[in-house]
Structure formats: structure tokens, C-alpha cells
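Some notes on the structure that comes next.
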Amino acid sequence: MTVYGSFPGARPRRLRTTPAMRRMVAENRLHPADLILPAFVREGISEPVAISAMPGVQQHTLETLRKAAVEAVEAGVAGIMLFGVPADEKKDAAGTAGTDPDGILQVALREVRGEVGDDLVIMSDLCLDEYTDHGHCGVLDADGRVDNDATLERYAEMAQVQADAGAHVVGTSGMMDGQVGVVRDALDTIGKEDVSILAYAVKYSSAFYGPFREAVGSALRGDRKTYQQDPANLKESMRELALDLEEGADMVMVKPAGPYLDVLAKVAEAVDVPVAAYQISGEYAMIEAAAERGWIDRDKAIMESLVGIKRAGANMILTYWATEVARWVGRER
């Protein structure tokens with residue numbers, strides 16, 4: 001005999017019965033405007049150069065970078081973050097190519113701004129590591145240590161030339177103490193009050209940056225543990241976050257994203273400014289490599305990883321799949 005009202009009375013599975021039902025009750029969903037495309041542009045090449053550790057990603061020429069920017073706009077992507085890769089012979093101890101108005105990043109900013117105007121939020125990486133012959137994010141003192149305050153002077157110059165070249169947003173990624181305040185003052189001094197600062201407030205010293213080093217042709221000697229944060233720490237990150245906000249950050253970043261979802265959630269709960277998360281090169285490479293071997297379903301793994309970042313609290317996600325995923329989710333709408 002059927003007994004009504006018996007256990008289980010609550011059946012959450014009722015809300016998972018069909019794809020339409022699951023879509024209707026989804027608590028988080030990606031939108032193309034959540035996505036930002038990181039892109040590399042290399043000086044002195046006539047054809048794009050594939051990055052072996054990041055299948056599907058390349059070092060762009062100026063021509064292919066403009067094309068990528070247009071494709072991002074057409075897909076509904078919100079922004080593009082540009083990284084310059086100068087010729088090796090232009091790297092020096094002070095990273096002077098990074099503040100040269102005709103340096104590769106500044107040229108790329110002008111080209112992309114000229115191509116897409118304000119249809120895409122154009123962001124620039126504000127750091128010296130691509131331009132120094134030692135690969136560190138700042139200038140070194142006589143003992144070979146990164147000199148924080150001398151580096152801030154270089155960052156001020158970088159901010160000004162990047163803003164003059166057309167950046168809507170500068171991304172302070174070098175993890176020097178006081179960098180946001182110095183950059184804000186530098187921008188305001190030249191009348192660039194409307195240029196925003198995306199502060200890399202929480203940037204960990206991570207093994208997952210490996211493929212990025214190839215992407216930017218890094219000459220790094222040693223490591224960056226004296227300025228990037230310790231993966232063991234959370235309170236330290238929240239202190240860095242508070243300092244960046246006090247100095248005038250308009251948006252804040254957590255980097256990497258996937259291994260630090262707990263940190264991302266804490267940051268998102270603590271602030272009233274937009275929060276970005278960077279799904280970095282190693283996160284990208286792991287999924288691509290596993291998918292290439294047939295160990296996981298590539299497209300499903302990409303979406304799951306991004307939804308996890310969104311669920312943790314990110315308003316914006318920097319991902320090398322930005323344009324591809326924007327097309328996917330755009331078709332679903």
C-alpha cells in the first residue's frame with residue numbers, strides 16, 4: 001500500500017529534471033560582458049607566434065591584435081588586457097621600453113583604441129617585468145633586490161604613457177607597496193582623471209604562472225616571493241586589499257583565480273567596488289592539456305571553471321577563452 005507523506009518529503013531533484021528547468025533556476029550564469037580577454041602583442045614579428053604552453057593562444061602582430069579586438073567586440077566581450085613583448089635587445093635594467101611612447105605596448109594601445117574606440121574597455125598591464133633584462137617587476141638596487149620606491153617612479157611614468165596612448169584602465173600588477181596611490185597621482189597630474197585603476201590587490205606567488213613566462217618572453221632570474229603574496233596567507237591579502245582601496249583603486253583583482261576561490265569570495269564580500277579574477281595561464285594550460293589527451297571534456301571543463309569563479313564573487317573574469325566563451329553564452333541567451 002502506498003504511504004503518502006513518507007520520507008523524503010523534500011525532493012530537490014525536481015528542480016533538476018530538464019535542461020530548461022536547470023537553466024531557469026540557475027543561481028549564477030555567465031554573460032559575455034563578464035569576460036575580459038588578455039592578449040599579447042610582440043614587437044618585430046610579421047606573423048603571429050604560437051605559445052607552445054598555451055595551445056590556441058599566440059603572440060600577436062599589431063594586425064592580428066586589431067582583428068582579435070574586433071572579434072571580442074562582436075562577441076560581446078567587455079574588455080581586453082594588453083601585454084607588450086618587446087624585442088630582446090630593447091630590454092634593460094630599468095625597463096625603459098615600458099615607458100617609451102613608441103614602445104610596443106603603447107603602439108598597441110593606440111592601434112586598438114583607433115580600431116574599436118570605446119566599444120571595448122582597453123586595459124594595459126602596468127608592470128616592468130616584460131621590459132627588464134632581469135625579468136623582475138621593478139628596478140633592482142645595488143644588492144640585486146627590487147627597490148620598491150624607485151620602482152614606483154617608473155610606474156608613474158608607465159601610467160602616464162599608457163593613458164596618453166589610449167588605455168581606459170591601467171592594471172597595477174607589480175605588487176609594489178604604494179603603487180595605486182602613486183599611479184593615481186600620476187594620472188591626475190596629466191589630466192587623466194577618467195582613467196581607471198584595476199588594482200592587482202591580491203596577487204599570489206604562484207607556480208601556475210609558468211606558461212605566461214613563455215608568452216611574454218620573460219628573462220626572470222630567481223623568483224618574486226619578496227613582493228608577490230604567500231599562498232599560505234589570507235589576512236595579508238585582506239590588508240593589501242584595504243590599502244589599495246584607501247589609495248584610490250577603482251576595481252580590484254584576485255590572481256590566480258581557480259586555486260584561490262576562497263580568497264576571491266572573501267574579497268567579494270568585503271568590498272563595494274567591482275571585483276575581477278584572472279584565470280591565469282597555468283589554469284588554462286591544464287584544461288587544454290587534459291582535454292587534448294581525452295581525459296576531460298574541454299568545453300564543459302572550461303564552463304565549469306568559469307562558473308565557479310563567477311559563483312565565488314567575480315564581477316569580471318580575465319580568461320584566454322573570453323571570446324570563445326562569449327560566443328557560446330551569447331547563443332544561449
Is there side-chain contact between [X] and [Y], with at least one heavy-atom pair below 4.5 Å?
X	Y	answer
R29	V307	no
M253	V202	no
Y278	T319	no
M251	S196	yes
I36	I317	no
E115	L120	no
V271	L241	yes
V325	M303	yes

Closer than 3.5 angstrom, by distance alone: can the side chain of [X] be matched with the main-chain N or O of [Y] as a donor-acceptor pair?
X	Y	answer
Q58	I51	no
D297	D299	yes
R184	A249	no
N148	D177	yes
D92	T96	yes
T64	H60	no
E157	R154	no
Q179	Y155	no

Determine the minimum heavy-atom distance between [X] and [Y], stating which atoms define it.
X	Y	answer
L37	T323	CD2-OG1, 3.8 Å
A108	L65	CB-CD2, 3.7 Å
A277	I309	CB-CG2, 3.7 Å
Y209	S206	CD1-O, 3.3 Å
L187	A159	CD2-O, 3.5 Å
L109	Q162	CD1-O, 3.7 Å

*Intermediate values then yes/no, side-chain contact (heavy atoms from CB on, under 4.5 Å), L128 and C137*: CA-CA 5 Å; L128 285 171; C137 298; 5.6 Å; no
*Check step by step if side-chain contact (heavy atoms from CB on, under 4.5 Å) holds for D164 and I190.*
CA-CA 9 Å; D164 282 338; I190 62 168; 3.9 Å; yes
Is it the case that the side chains of [Y] and [X] hold a donor-acceptor pair, with the cut-off being a distance below 3.5 Å and no angle test?
X	Y	result
D147	T151	no
H168	D194	no
T132	H136	no

Name the atoms and distances for all side-chain donor-acceptor pairs under 3.5 Å in residues 280-292, with sequence neighbours left out.
residue: S281; atom: OG; partner: F208; partner atom: O; Å: 3.4
residue: S281; atom: OG; partner: F212; partner atom: N; Å: 3.0
residue: E283; atom: OE1; partner: G258; partner atom: N; Å: 2.7
residue: E283; atom: OE2; partner: A257; partner atom: N; Å: 3.2
residue: E283; atom: OE2; partner: I280; partner atom: N; Å: 2.9
residue: Y284; atom: OH; partner: P55; partner atom: O; Å: 2.4
residue: E288; atom: OE1; partner: R298; partner atom: NE; Å: 3.3
residue: E288; atom: OE2; partner: R298; partner atom: NE; Å: 3.1
residue: E288; atom: OE2; partner: R298; partner atom: NH2; Å: 3.0
residue: E288; atom: OE2; partner: W321; partner atom: NE1; Å: 2.8

Pairwise distance [atom1]([X]) to [atom2]([Y]) - rounded to 0.5 angstrom:
X	Y	atom1	atom2	answer
M21	R14	CE	CZ	10.5 Å
S124	I80	OG	CD1	11.5 Å
R311	N28	CZ	CG	7.5 Å
K203	M175	NZ	CE	8.0 Å
Y320	L35	OH	CG	14.0 Å
T99	L105	OG1	CG	11.0 Å

Quick check: is [Y] connected to [X] through a chain of hydrophobic side chains (ILVMFWY, heavy atoms under 4.5 Å apart)?
X	Y	value
V49	L62	no
V116	V107	yes
F40	I45	no
V183	V161	no
L152	V195	yes

*asked:* One pair to check against side-chain contact (heavy atoms from CB on, under 4.5 Å): L82 and M123. What are the steps and the verdict?
replied: CA-CA 6 Å; L82 301 183; M123 304 178 171; over 6 Å; no
_With side-chain hydrogen bond (donor to acceptor under 3.5 Å, both in side chains) as the rule and sequence neighbours excluded, what pairs involving residues 235-257 come up?_
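Listed once each, the pairs are Y204-S237, Q229-S237, N233-E236.
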*Can Y200 and D125 be said to form a side-chain contact (heavy atoms from CB on, under 4.5 Å), step by step?*
CA-CA 10 Å; Y200 286 56; D125 179 57; 4.2 Å; yes
_Looking at E269 and K266, is there a salt bridge between them, counting it only when a charged N and a carboxylate O are closer than 4.0 Å?_
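No, K266 and E269 are not salt-bridged.
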*Identify whether the distance between the nearest side-chain nitrogen and carboxylate oxygen of D102 and R110 falls below 4.0 Å.*
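Judged by the 4.0 Å cut-off on N to carboxylate O distance, D102 and R110 do form a salt bridge.
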*Atom CG of D143 with >12 non-hydrogen neighbours under 6.0 angstrom*: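 Yes - once you tally the heavy atoms of other residues, nucleotides and ligands closer than 6.0 Å, there are more than 12.
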*Neighbour count above 12 (heavy atom, 6.0 Å) for E27 CD*: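 No, CD of E27 has 12 or fewer neighbouring heavy atoms, counting only those of other groups under 6.0 Å.
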*Would you list the pairs meeting salt bridge (charged side-chain N to carboxylate O under 4.0 Å, His left out) in which at least one residue belongs to residues 32-52, sequence neighbours left out?*
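For residues 32-52, and leaving out neighbouring residues, the salt bridge (charged side-chain N to carboxylate O under 4.0 Å, His left out) pairs sorted by first residue read D34-K310, E43-K90.
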